[in-house]
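Residue numbers begin at 1 in each chain, while the letters A, B, ... track the order of the sequences.
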Amino acid sequence: MKPAPFDYVVAASPREAVQYLADVEDASAKIIAGGQSLMPLLALRLARPSLLVDINRIPGLETIERISETTIRIGTLVRHRMLCAQTNSPLLHEAARWIGHSAIRTRGTIGGSLAHADPAAELPIVAVATGMVIEVMGPSTQRTVDAQDFFIGTLENSLADDEMIVSVISPLPERWGFAEYTRRHGDFGLVTVAAAEVQGEVKIAVGGVGSKPVRMLESEGLVNDSVTLSGQLIDQAARAAAASVEPNGDFHGSARYRIGLVEELVRRSLRQLGSGQADSEVDWS
Amino acid sequence: MTEITGVDPKGNESVGRAVQRKEDYRFLIGRGHYVSDLRLPGTRHVAFLRSPLAHAKINSIDISSALEADFVEAIFTGESDPFKSVSLIARSALPSYIETAQPILAWDKVRFSGEPIAAVVATDRYLAEDGVELIEVEYERLPTNVSAWSTPAEPLHKEALDNVLLERRFQSGDVEDALAGAEVVIERELISNRQGGNPLECRAGVALFEPGDGTLQFWSGTQVPHLVRNALAELMGMSEAKIRVIAPDVGGGFGTKAALYPEDVAICMIARLMPGTPIKWVEDRAEHLLSATHARDHRYLVTAGFSSDGTLLALKADVTCNVGAYSVYPWTAGIEPLMAGGLLSGPYRLENYDCMVRAVATNSSPSGPYRGVARPASVFAMEAIMDEAARRLGMSTIDIRRKNFIGPQDIPYKMPTRLVDDSGHYERCLDKALELFDLDQFLEEQQRRRGTNEPPIGFGVACYNELTGLGRAASAGPRMPFRTGHDACTVKVNPDGTVTVFSGVTSQGQGLETTVAQIVADGIGVDYDDVQVRIGNTDESLWGFGAFSSRQAVIGGGAAQLSALVVRDKVIRLASELLEIDINDLILRDGKIWVAGEVEPRLSLAEIARVAYLESNRLPDGMEPGLEATRFYDPIRGAFAAGVQIGSLEVDVSTGEIRILKWVCVEDAGRVINPAIVDGQIAGAIAQGIGGAMYEHLIYDGDGNLSTGTLMDYLIPTSGEIPEMIIGHLQFPADNPLGVRGVGEGGTLGPNAVIAGAVADALGILVDQLPVTEGAVWEGLQ
C-alpha cells in the first residue's frame with residue numbers, strides 16, 4: 001500500500017499550477033490539496049499520476065468572502081472545518097459536519113471534494129442542491145461551470161486535464177434541509193439528501209443513488225408548485241423521490257433499502273426545510 | 001469457594017488494586033517500541049506478491065523483468081529451495097483430521113486471494129512494491145468456492161476431496177428419545193459472520209541472520225514467541241539455541257498473532273539467505289484484511305427440545321465452520337468447530353446432546369483463533385434457542401435461563417462433552433446484571449412506548465461460560481503435539497533488593513508487565529514499584545506458550561506466584577540465620593524483614609540480597625548464593641468464568657437504525673488482580689463483540705475476491721458506536737494459586753446474542769443471520 005513513483009512540485013499560483021498540469025505530456029498530472037481522497041487512491045495504486053501539483057501553499061485560496069447579500073465565494077483550499085466554523089451558510093455548516101472525522105475535516109478542501117466527484121460525498125450534493133457555480137482556471141482560460149453540469153459520473157468531473165477549481169460561488173439558501181444516513185459515525189452516507197430553496201425555487205439533490213448527485217425533479221415540482229409545504233405534500237414528494245431513484249445495492253444495504261432511505265431522508269430534509277427553523281437547529285459548537 | 005466481598009485487598013497488598021500500569025508511561029510519551037520502530041542499519045524491506053485469484057494453477061512465474069530493475073535487490077519464489085521444501089502442516093492426532101500443507105510461497109497453485117507467491121527485497125517498501133508489479137504470473141483459473149455449506153466445485157487439497165478437513169461428533173444420552181418426549185421442539189438455522197481480529201498494529205517482523213555465529217534473531221509482533229522459536233527451528237533445520245524470538249511492544253493481537261504465518265517463515269528464510277542483512281516486513285491494512293486469519297464464518301443447524309416447564313431436554317446440532325484455505329498453524333482447522341461443539345450448551349444443564357461439527361476448506365483466508373474462539377457464534381445460537389423456547393412456552397427469557405442454569409450445587413458439573421464446569425455462578429451473575437440493568441424500569445418504558453409513535457425498544461440477554469486458563473487435562477486445541485497447560489517464570493531479587501522477573505507471558509496491550517509485577521510484589525513482600533517484569537524474549541524467559549485462551553493470568557500468574565514464594569522462603573531463611581531468629585517469627589513485607597509484633601523492621605531486603613550475592617562468607621552452610629527461583633505452573637484443569645450481559649436498544653423503524661441504550665455485563669473473574677485492567681479487558685471485548693454483531697463482516701464475492709478489502713467497507717465500530725457500559729463483578733476464587741479466572745475473551749461472547757435477542761424483543765423479528773445491520777432490520781420490517 002505505497003504509491004507508485006510520481007514527481008512532485010509546489011505551485012505558487014493557480015496559473016503556475018495549471019501550467020504544470022498542461023506541461024505534462026501524458027496528461028496524468030493531478031492536483032493535490034488536502035489529499036484525503038487522493039492519498040488512499042495513490043496508496044492503493046488505483047491512481048498513478050506522473051506528477052502531483054501541490055496547491056496548498058498558493059495564497060488567497062483559503063478564504064470565504066461575502067460577495068452579495070445572497071452569495072459567498074469559497075476559495076478552493078477552504079477546509080471542511082472552516083465550513084463548519086463559518087456562519088454565512090448554515091447548510092454548508094451542517095453538511096460539512098457530516099464529512100468524515102475531525103482529522104479529515106482539518107485537511108480536506110471544498111475544491112478537492114468537488115473535483116473528486118464522489119457521488120456519496122456531502123459537498124457535491126449541496127453544490128447541486130444550492131446551484132453552486134464553480135470557477136475554473138486553465139493555462140489560458142477562465143470559465144465557470146454550474147454544479148449541475150460539473151459532475152459527470154463516479155469520480156468524473158468536467159474539468160479539462162489542465163484545469164483546476166479556483167473557487168466556488170455558493171448561493172445562500174433561504175430555507176434548507178439536510179439528512180444523511182451513515183452506518184457509522186463519519187462514514188460516507190448510504191443516502192444523503194440536501195434540499196435548498198434559492199430565490200424561491202427548491203432543489204433537492206440525493207447522493208448515494210447514482211453515479212453523481214441526482215436531482216429529484218418530480219419532488220421538486222410538487223414542492224415548487226405548492227404554496228404551502230404540508231405534511232401530506234412532503235410525504236408525496238418523498239414517495240415521488242423514492243419512485244424515481246434506481247440505486248445499486250451492495251453489502252451495506254440493498255437497493256430496496258436505499259430506496260426506503262431516500263423516501264425517509266427526503267421526508268426529513270423537506271420537513272426541516274419547511275419548518276423554517278433550520279437555522280436555529282444548527283449546533284454552532 | 002466463598003465469594004470475595006467487601007474491600008479487597010484488605011492490607012497493603014498490590015493484588016486487587018488498580019495500580020498505575022508499568023507500560024502506560026512509555027506509551028503515553030511515545031516511547032513504546034514496536035517491531036516497525038526497529039531501525040537496524042542496512043535494513044531491507046520485503047513486499048509480497050499476493051495472488052489476485054482465489055483458486056488457480058500457477059503455470060509460470062516470470063521474475064526476469066523484475067530482476068532487471070536496478071532497485072530490486074532480490075526476489076524469492078516458492079519454486080526453489082529452501083521455500084519449496086518447507087510447508088506449514090498443523091498436526092493433530094484426532095482420527096478424522098486430515099493434514100494438509102500450506103506453502104511458504106505458493107508455487108503450484110493458489111488457494112485464496114491474497115496468498116503470498118513471491119517476496120521482493122528492496123531498500124524501502126515503496127521500491128519493493130514497484131518490484132512486485134514487475135513480476136508476471138500465468139494463472140489457470142480453477143472453480144472457486146467460498147461458502148462452507150455449498151457443494152464444493154473443486155477440491156482445494158488432494159488429501160480432502162470433499163474439502164472437509166475434520167469432522168467430529170459429540171454424543172451423550174439419547175437425543176431422539178428426548179426430543180420425542182419434548183413439549184416444544186425448536187429448529188433454527190443460524191449463521192454468523194466472518195470477521196478478523198484487526199489489531200491496531202498489523203503483523204510485523206524483522207529477521208536478522210548473523211553470519212558470525214549462525215544465529216537468527218526474529219523480532220515479531222507475535223503472541224507466542226516460544227512456540228515460534230520452536231517451530232522455526234524445526235522448519236529451518238536450526239538449533240533452538242541459535243534462534244532468538246523477541247516480541248517487543250505489540251499493538252493488539254486478539255488471536256490473530258497467535259499463529260505462525262508463511263510470511264513469518266519467509267522473512268526468516270530470506271534473512272538466512274542474505275546473512276547480515278536485517279529483513280523487515282510490516283503488514284499494511286489491506287494485506288491484513290486479505291491474508292491474516294479470519295474467523296467466525298459458521299452455520300448452526302440446531303434442534304432443541306424443551307419440557308413444558310422450560311427444561312432443556314435435548315440438543316441436536318450440525319455445525320459447519322468455514323476454515324478457509326489452510327489448516328491454521330499450529331492450531332489446526334479444528335480450533336473453531338471443536339470449540340463450538342464442545343461448549344455449545346454453555347451454562348445450561350444438559351444430558352442429551354448430539355452435535356456434529358466439521359471444518360470445511362474454502363478459497364478464503366485461513367480461519368484462526370480470534371478472541372472468544374467460536375463462542376460468540378455458538379452463544380448466539382444457544383441463546384437464540386433459549387429465547388425462542390421461552391416465547392413458545394410463554395415464559396420470560398429470564399425465567400427459562402434460570403430454569404436451566406448449572407448451579408453451585410451441581411459443581412463440579414460434567415458437561416455432555418465431558419468438560420468439567422467448576423463455576424456454576426450463572427444465576428448470581430444474572431441476578432446482579434438484572435439489578436444493574438433495572439429490568440422493571442425497562443419493561444415499564446417498553447410498555448409505555450407501545451401504542452405511541454416513539455421508537456420501539458427491546459432487551460436481550462446472553463449467559464455464557466468462558467473456559468479459561470486451560471491446564472494439560474483440558475488443553476486448548478485438538479490433540480496437537482503439544483499441551484499448552486503450563487508456563488514458567490523466573491523471579492530474581494537483585495543485589496540491591498529490587499526484583500527482576502523473567503516471565504513466559506506475552507502482552508499485546510493487556511498489561512501483563514503490570515499484572516505479573518503485582519503478583520510477584522505480593523508473593524515476595526516487596527513494593528510494586530521495585531519489581532520489573534521482562535517478557536517477550538525467548539533468551540530471557542525459560543518458557544511460555546503465550547497469550548491465548550484467556551490463560552496468562554491463571555497460568556503465567558500462577559508460575560509467577562510460585563516462583564515468588566520460593567524466593568520469599570529463601571529470603572526469610574537467610575534472614576533467620578543472619579538474625580538468629582526463628583523463621584516462624586519473621587515477616588517479609590514492604591521489602592523489609594520484621595519480627596512479629598515489633599514496630600521497626602530489622603533488616604531490609606537489600607541487606608539480605610547483598611549477603612546473598614556479595615558476601616558468601618555470611619551465608620549459612622549449604623546455602624547457595626543468589627536469590628532466584630524458576631517454577632512452572634499448570635492448573636491441570638481449566639477455570640470456568642461465568643458471564644452475563646444484558647443490553648437494551650431502540651429501533652428507528654423508518655431507517656432500521658439500532659441505538660443501544662444500555663449495556664450491562666457481570667462476570668466472575670475470580671479474584672481480580674487489577675480492577676482497571678479487568679474492566680478494560682471486558683469493555684474492549686464487548687466493543688469488539690458489538691463490532692461483530694452489527695458492523696464487521698468480511699465478504700467475498702462469488703469469484704473469491706474480498707469485497708471488504710479496506711476499512712471503508714470492513715466497518716470497525718468507533719467510540720461513537722459503542723455505548724457506555726456498566727460492569728459488575730463477582731469474585732468466586734478459582735482453584736489455582738491466585739484464585740483467578742481469565743477475563744480476556746468473555747466480553748466478546750455476549751453481544752451477538754444480546755443484539756439479536758433485543759431486536760427480536762423490540763420488533764418480533766427473528767435474527768437468523770449476523771451481523772444485525774440497519775438494512776437487515778429494515779428489510780425485516782417491510
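Heavy atoms of Glu657(B) lying under 4.5 Å from chain A belong to its backbone as well as its side chain. Asp701(B) does not touch chain A: none of its heavy atoms, backbone or side chain, sits under 4.5 Å away. Heavy atoms closer than 4.5 Å to chain A are found nowhere in Leu781(B), neither backbone nor side chain. With a 4.5 Å cut-off on non-hydrogen atoms, Met712(B) touches chain A through its backbone and its side chain both. Neither the backbone nor the side chain of Asp124(B) comes within contact range of chain A; no heavy atom of the residue lies under 4.5 Å from a heavy atom of that chain. Of the two parts of Ile699(B), only the side chain, counted from C-beta on, holds a non-hydrogen atom closer than 4.5 Å to a non-hydrogen atom of chain A. Looking at Ser719(B), neither its backbone nor its side chain comes within 4.5 Å of chain A, counting heavy atoms on both sides. For Glu721(B), the part lying near chain A is the side chain, with the backbone staying farther off; criterion is any non-hydrogen pair under 4.5 Å.
Atom CZ of Arg107(A) sits in a sparse spot, with 12 or fewer heavy atoms from other residues, nucleotides or ligands closer than 6.0 Å. The 12-atom threshold is not exceeded at CZ of Arg81(A), counting heavy atoms of other residues, nucleotides or ligands nearer than 6.0 Å. No more than 12 heavy atoms of other residues, nucleotides or ligands lie within 6.0 Å of CD in Gln232(A), so this atom counts as exposed by the packing criterion.
Side chain of Glu129(B) to backbone of Ala4(A): no donor-acceptor contact under 3.5 angstrom is found.
Between the OH atom of Tyr257(A) and the OG1 atom of Thr655(B) there is a distance of 5.0 Å, given to the nearest 0.5 Å. Atoms CH2 and CD, on Trp778(B) and Glu264(A) in that order, are 10.5 Å from each other to the nearest 0.5 Å.
No side-chain heavy atom of His252(A) sits under 4.5 Å from any side-chain heavy atom of Thr773(B).
If you tally non-hydrogen atom pairs under 4.5 Å between each of His697(B), Glu133(B), Arg125(B) and chain A, the highest count goes to Glu133(B). When Pro717(B), Gly709(B), Ser707(B) are compared by the number of non-hydrogen pairs under 4.5 Å with chain A, Ser707(B) comes out ahead. Among Pro40(A), Gly253(A), Pro5(A), Ala43(A), the residue making the largest number of heavy-atom pairs under 4.5 Å with chain B is Pro5(A).
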Could you walk me through whether Leu127(B) and Lys2(A) satisfy the side chain to side chain contact (heavy atoms under 4.5 Å, CB included) test, starting with their C-alpha distance in whole Å, then the side-chain angles of each, then the deciding distance to 0.1 Å, before giving a yes or no?
CA-CA 9 Å; Leu127(B) 295 175; Lys2(A) 303 288 185 200; over 6 Å; no

Tell me, with the steps shown, if Met694(B) and Arg183(A) meet side chain to side chain contact (heavy atoms under 4.5 Å, CB included).
CA-CA 10 Å; Met694(B) 296 174 63; Arg183(A) 290 196 61 196; over 6 Å; no

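Listed here is the closest heavy atom pair of Thr182(A) and Glu774(B): O-OE1, 4.3 Å. In this structure, Ile716(B) and Arg184(A) approach most closely via the heavy-atom pair O-NH1, 2.5 Å.
Between Arg45(A) and Asp130(B), at least one side-chain N (NZ, or NE/NH1/NH2) sits under 4.0 Å from a carboxylate O, which counts as a salt bridge.
Side-chain contact, Ser654(B) with Arg268(A): a donor N or O sits under 3.5 Å from an acceptor N or O.
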